[in-house]
Amino acid sequence: MSYNQILQHSSHLWISDHTTAQEQTVQSLQNVLCKNNSCQTCTICTQIKTYTHPWTTWLEPQTSYTIDQIDEVIKSVQFTLDAQEFRFFIFTQAEALTTTCCNRLLKTIEEPHHGYHFIFLTDRPQELLPTLKSRCFTKTLQSQSIQHVYHDILEPFITYKFNKPIQFLKLIDKQNIKETATKEIIDLLIEHFYKKLKQTAQESSNHQDLHGYIDIILLLKQALLQLPVQGSSKLFWKNLYLAFDQHQHHVTKTT
Ligand SMILES: [Zn+2]
């Protein structure tokens with residue numbers, strides 16, 4: 001979303017799947033705050049990407065949002081800002097705002113001081129309170145496929161090449177994969193290897209290959225059972241990479 005589009009409205013409702021919403025919100029905030037055309041390299045761009053920019057507050061529900069979270073927001077929007085200052089409050093999974101939370105927020109988001117902006121992200125707009133929706137500038141975000149967004153992360157797994165562990169770790173650092181995206185990526189990989197398995201079974205029924213694919217699928221399913229909790233994505237991906245690498249060595253040895 002462009003600079004003007006964001007700043008024209010104090011409240012936004014952006015509809016799309018979780019990963020797209022997250023990615024595009026980061027991009028949009030960079031469009032507004034980076035002095036250098038969303039350069040991706042400056043401190044501001046990096047802070048936005050790692051959800052640590054002091055002007056941005058990312059909110060996440062536990063199962064639903066709590067009154068405490070809302071009060072915290074209300075408290076922090078009471079001050080007037082300088083003309084060049086902004087604050088963005090991003091409510092991820094906005095459908096998890098309870099009626100009580102919404103009602104408490106409504107007045108705040110209706111006429112905030114200059115510079116305060118509220119962005120509600122959801123893939124289930126029908127579950128949002130109409131009174132909240134009516135106050136927002138609504139936009140459906142074009143979904144970038146997860147395959148596209150996480151192409152570099154997926155690559156070693158899909159090509160089955162694990163000879164660059166250091167580069168991979170650097171990439172994981174840079175991409176800062178959210179826990180929710182991790183599940184989507186693993187799902188995608190499982191789907192990919194199921195297809196491979198089916199294809200191999202139909203074409204050649206090479207037992208070694210078939211077993212290889214079954215092993216990989218089991219490995220991924222195992223990973224699904226141990227999805228990262230908040231803050232542990234990096235370790236999760238490191239472990240998965242190593243598990244794949246080990247599996248590959250094992251396969252090479254037995255063939
Ligand atoms: Zn920048």
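Numbering starts at 1 and runs along the sequence shown. When a ligand or atom number is given, it counts from 1 through the structure's own listing order.
- Protein N/O/S atoms closer than 2.8 Å to the Zn ion (ligand 1), listed by chain and residue number, are Cys34 SG, Cys39 SG, Cys42 SG, Cys45 SG.
- Using a distance-only test at 3.5 Å, with no hydrogens or angles considered, a donor-acceptor pair links the side chain of Thr52 to the main chain of Gln47.
- Within the model, atoms CG of Asp17 and CD of Glu184 stand 6.0 Å from one another, a figure rounded to the nearest 0.5 Å.
- A distance of 10.5 Å separates CG of Leu97 from CG of Asn103, quoted to the nearest 0.5 Å.
- A salt bridge does not link Asp71 with Lys75: every distance from a Lys NZ or Arg NE/NH1/NH2 to an Asp or Glu carboxylate oxygen is 4.0 Å or more.
- Using a cutoff of 4.0 Å between basic side-chain nitrogens and carboxylate oxygens, Arg124 and Glu127 are scored as salt-bridged.
- Taking the six-membered ring for Trp and thresholds of 30 and 60 degrees, Phe157 and Phe244 have ring planes more than 60 degrees apart, a perpendicular arrangement.
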